[in-house]
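Just so it is clear: chains get the letters A, B, ... in the order the sequence lines come, proteins before strands, and each one is counted from 1. Heavy-atom basis, side chains included; hydrogens, waters and symmetry copies ignored.
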Amino acid sequence: MASVDGAKEPGAFVRQVARVVRAVPAGSVATYGDVALYAGRPGAARQVGMALRRAAHDEPDLPWHRIVNAQGGISTYKVGAGELQEALLRREGIVFRGGRIDLAAHRFRPEEPI
DNA sequence: TGTATGACAACAA
DNA sequence: CTTGTTGCCATAC
């Protein structure tokens, strides 16, 4: 059975990433590294970005904007997307200071394994 | 099978 | 603070 490992099925990582992202509540953010960790692939932070691009395209409702880099900044992949992401986060109550988010205050902390 | 790419991260200077 | 380097690993070709 596929279950959570699924390293054999193509796109398994993308689905795991999507699952983790859906667990991040409004008003909180998670770093790419965090998502990789919770997705079961610590160190695959870069792949989270690629996975997010696909996952967001596959599921428009996915809160992809809640994922930021380890510096609390926006890692834009397309012109305009960065401003959109910041706007969406502000709408959820996230505070930006010097173009950065205070991760200590907004970082997502799962109370249970994802 | 091997190489290149990329919405990152950690570290050195 | 900034810039450059290295490690990382799923996908694409």
Side-chain angles (χ1 to χ4, degrees):
Chain A
M1 297 293 285
S3 84
V4 290
D5 187 51
K8 306 175 190 297
E9 300 178 34
F13 184 70
V14 175
R15 292 192 303 182
Q16 287 290 26
V17 167
R19 200 174 62 134
V20 173
V21 173
R22 280 194 294 272
V24 181
S28 294
V29 297
T31 67
Y32 293 90
D34 287 340
V35 176
L37 179 65
Y38 303 142
R41 289 294 180 277
R46 287 182 90 171
Q47 283 43 263
V48 172
M50 272 187 276
L52 267 184
R53 188 172 54 178
R54 293 182 61 179
H57 177 271
D58 189 62
E59 301 180 51
D61 295 325
L62 195 70
W64 58 271
H65 57 284
R66 293 176 193 154
I67 310 305
V68 298
N69 62 36
Q71 282 60 266
I74 305 296
S75 291
T76 68
Y77 66 104
K78 197 162 52 177
V79 180
E83 297 183 0
L84 170 61
Q85 180 170 8
E86 184 172 333
L88 290 171
L89 289 175
R90 283 178 181 283
R91 179 188 296 177
E92 298 182 347
I94 301 296
V95 180
F96 280 78
R97 265 198 185 164
R100 301 284 170 91
I101 293 172
D102 183 355
L103 291 179
H106 299 292
R107 198 175 202 179
F108 170 53
R109 288 169 179 182
E111 298 177 11
E112 60 181 271
I114 303 175

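Tracing side-chain contacts under 4.5 Å through hydrophobic residues (I, L, V, M, F, W, Y), one never reaches A/Met50 starting from A/Val17; they form parts of separate clusters. A chain of hydrophobic side-chain contacts below 4.5 Å, direct or via other Ile, Leu, Val, Met, Phe, Trp or Tyr residues, connects A/Phe108 to A/Leu62. The cluster map of Ile, Leu, Val, Met, Phe, Trp and Tyr, joined by side-chain heavy atoms under 4.5 Å apart, puts A/Val24 and A/Leu84 in the same cluster.
By the side chain to side chain contact (heavy atoms under 4.5 Å, CB included) test, A/Pro42 pairs with A/Leu37, sequence neighbours left out. Judged as a side chain to side chain contact (heavy atoms under 4.5 Å, CB included), and not counting sequence neighbours, the contacts of A/Ala105 are A/Asp102.
Residue pairs meeting the side-chain hydrogen bond (donor to acceptor under 3.5 Å, both in side chains) criterion with at least one member in residues 104-114 of chain A, sequence neighbours excluded: A/Asp34-A/Arg107. For residues 86-98 of chain A, the set of pairs meeting the salt bridge (Lys or Arg N to Asp or Glu O under 4.0 Å) definition, not counting sequence neighbours, comprises A/Arg66-A/Glu92, A/Glu86-A/Arg90.
Distance A/Leu103 CG to B/dA10 P: 11 Å, rounded to the nearest Å.
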Each nucleotide N or O in nucleotides 8-12 of chain C that has a protein N or O under 3.5 Å away: list the pair and distance.
| from | atom 1 | to | atom 2 | distance (Å) |
| --- | --- | --- | --- | --- |
| C/dC9 | O4' | A/Gln47 | NE2 | 3.3 |
| C/dC9 | O2 | A/Gln47 | OE1 | 2.6 |
| C/dC9 | O2 | A/Gln47 | NE2 | 2.6 |

Between N or O atoms, less than 3.5 Å apart, protein on one side and nucleotides 2-4 of chain C on the other: list the pairs.
none

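In this structure the side chain of A/Trp64 reaches within 4.5 angstrom of the side chain of A/Leu88, judged on heavy atoms.
Counting side-chain heavy-atom gaps under 4.5 Å among Ile, Leu, Val, Met, Phe, Trp and Tyr, A/Val14 is found in no cluster with other residues. In the hydrophobic clustering, A/Ile101 connects to A/Val29, A/Val68, A/Ile74, A/Leu89, A/Ile94, A/Phe96, A/Leu103, either directly or through intervening members, whenever side-chain heavy atoms lie under 4.5 Å apart.
For the contact set between residues 26-33 of chain A and DNA chain B, defined by any heavy atom under 4.0 Å, the members are A/Thr31, A/Tyr32, A/Gly33. Of the residues in residues 64-95 of chain A, A/Trp64, A/Asn69, A/Ala70, A/Ser75, A/Thr76, A/Tyr77 come within less than 4.0 Å of DNA chain B through at least one heavy atom, sorted by number.
The two residues A/Ala45 and A/Tyr32 make their nearest non-hydrogen contact at O-CB, 3.7 Å. Closest approach of A/His65 and A/Gln85 over heavy atoms only: O-NE2, 2.9 Å. Residues A/Ala44 and A/Ala36 approach most closely at C-CB, 3.7 Å, considering heavy atoms.
Counting only Watson-Crick and G-U wobble pairs whose two distances sit under 3.5 Å, DNA chain B takes part in these stems of three or more pairs: B:2-6 with C:9-13, B:8-13 with C:2-7.
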Begin with the C-alpha distance, continue with both residues' side-chain angles, and end with the deciding distance and a verdict on side chain to side chain contact (heavy atoms under 4.5 Å, CB included) for A/Arg15 and A/Glu9. CA-CA 10 Å; A/Arg15 292 192 303 182; A/Glu9 300 178 34; 3.1 Å; yes
Counting only pairs under 3.5 Å, give me each side-chain donor-acceptor contact of residues 53-60 of chain A, with atom names and distances, residues two or more places apart or in other chains.
| from | atom 1 | to | atom 2 | distance (Å) |
| --- | --- | --- | --- | --- |
| A/Glu59 | OE1 | A/Arg22 | NH1 | 2.8 |
| A/Glu59 | OE2 | A/Arg22 | NH1 | 3.1 |

